[in-house]
Amino acid sequence: MDELDAAIIRHLQLNARQSNRELARRVGVAPSTSLERVRILEERGVITGYRAEVDLAALNRDYQAFVAAQVRPLNRAVISAFEESVGKLPEVLGVFVVAGSDDFLIHVAVQNNEALHAFLMDRLSQRREIVGFRTIVIFRHSSPVPISALPDTEPKRAGEDVRGRRGRQTRAIKEAGLDG
């Protein structure tokens, strides 16, 4: 990825609905160049889709929590089946398989505390593979900032350009506010 790719990704994360002409103007290239770069980023799997942000409160789901769950027996089949089935529950926004004392972190959004309690008691605790869970209520969260590539963690080789093999600290990085 170069500085232009980074700038395109940043601007699309801020507003994926902007026209290609507007995107090209913002990153300082011809519309044909912008269109080709976006196509390549999609083909390479860097851009995986375009989604609408929704207001959970407008959907009567403004009470959020993380549920840390432990399952047994701990094997690939149980983990995969649990992840798939819990991810289909209407209260669930996301399921994360994690390391540590918990096996899963489940992000839920419901109407209120009573609905969260009902989810825990009626849906989660009834599952045979669950051996324990704990709940972390979310009071508020910040909106995410655009994601950018991180530099390689490999040590610099003698004679190598100080800017690294892949990314370069450029105008796009400065515009993204990542230049310190």
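From a predicted model like this one, the values you see are computed outputs, not experimental measurements.
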If you take all heavy atoms of [X] and [Y], which pair is closest and at what distance?
X: Leu23; Y: Leu12; answer: CD2-CD2, 3.9 Å
X: Ala115; Y: Val110; answer: CB-CB, 3.8 Å
X: Val95; Y: Phe104; answer: CG1-CD2, 3.8 Å
X: Arg61; Y: Glu91; answer: NH2-O, 3.4 Å
X: Ala109; Y: Gln64; answer: CB-CG, 3.9 Å
X: Ala65; Y: Leu116; answer: CB-CD2, 3.9 Å

For the residue pair [X] and [Y], establish whether any side-chain heavy-atom pair is separated by less than 4.5 Å.
X: Arg134; Y: Asp102; result: yes
X: Leu93; Y: Leu56; result: yes
X: Arg37; Y: Asp2; result: yes
X: Val131; Y: Val71; result: no
X: Asn113; Y: His117; result: no
X: Ile106; Y: Val86; result: yes
X: Asp103; Y: Ile79; result: no
X: Arg10; Y: Arg26; result: no

Taking atom [atom1] of [X] and atom [atom2] of [Y], what is their separation to the nearest 0.5 Å?
X: His11; Y: Asn15; atom1: NE2; atom2: CG; answer: 10.5 Å
X: Ser85; Y: Arg123; atom1: OG; atom2: CZ; answer: 11.0 Å
X: Arg25; Y: Gln18; atom1: CZ; atom2: CD; answer: 9.0 Å
X: Leu124; Y: Leu89; atom1: CG; atom2: CG; answer: 8.0 Å

inquiry  = How about CD on Glu84, more than 12 heavy atoms from neighbouring residues, nucleotides or ligands closer than 6.0 Å, or not?
reply    =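 No, the 6.0 Å shell around CD holds no more than 12 heavy atoms from other groups.
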
ask   = More than 12 non-hydrogen atoms from neighbouring residues, nucleotides or ligands closer than 6.0 Å to CZ on Arg127, yes or no?
value =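 Check passes, neighbour count above 12.
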
task = Mind checking side chain to side chain contact (heavy atoms under 4.5 Å, CB included) for Gln13 and listing every partner two or more places apart, or none if nothing turns up?
result =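 Scan of Gln13 (side chain to side chain contact (heavy atoms under 4.5 Å, CB included), adjacent residues dropped) gives Ile9, Pro146, Ile147.
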
Applying a strict under-4.5 Å side-chain criterion to I, L, V, M, F, W and Y, I'd like to know whether [X] and [Y] cluster together.
X: Val78; Y: Phe96; result: no
X: Val29; Y: Val46; result: yes
X: Val27; Y: Leu35; result: no
X: Leu105; Y: Phe119; result: no
X: Ile130; Y: Val97; result: yes

Heavy-atom donor-acceptor pair, [X] side chain to [Y] backbone, under 3.5 Å:
X: Gln126; Y: Met121; result: yes
X: Asn20; Y: Pro31; result: yes
X: Thr135; Y: Val67; result: no

message = By the side-chain hydrogen bond (donor to acceptor under 3.5 Å, both in side chains) test, which pairs, at least two apart or in different chains, include something from residues 47-57?
response =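 Of all non-adjacent pairs touching residues 47-57, those that pass side-chain hydrogen bond (donor to acceptor under 3.5 Å, both in side chains) are Glu42-Tyr50.
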
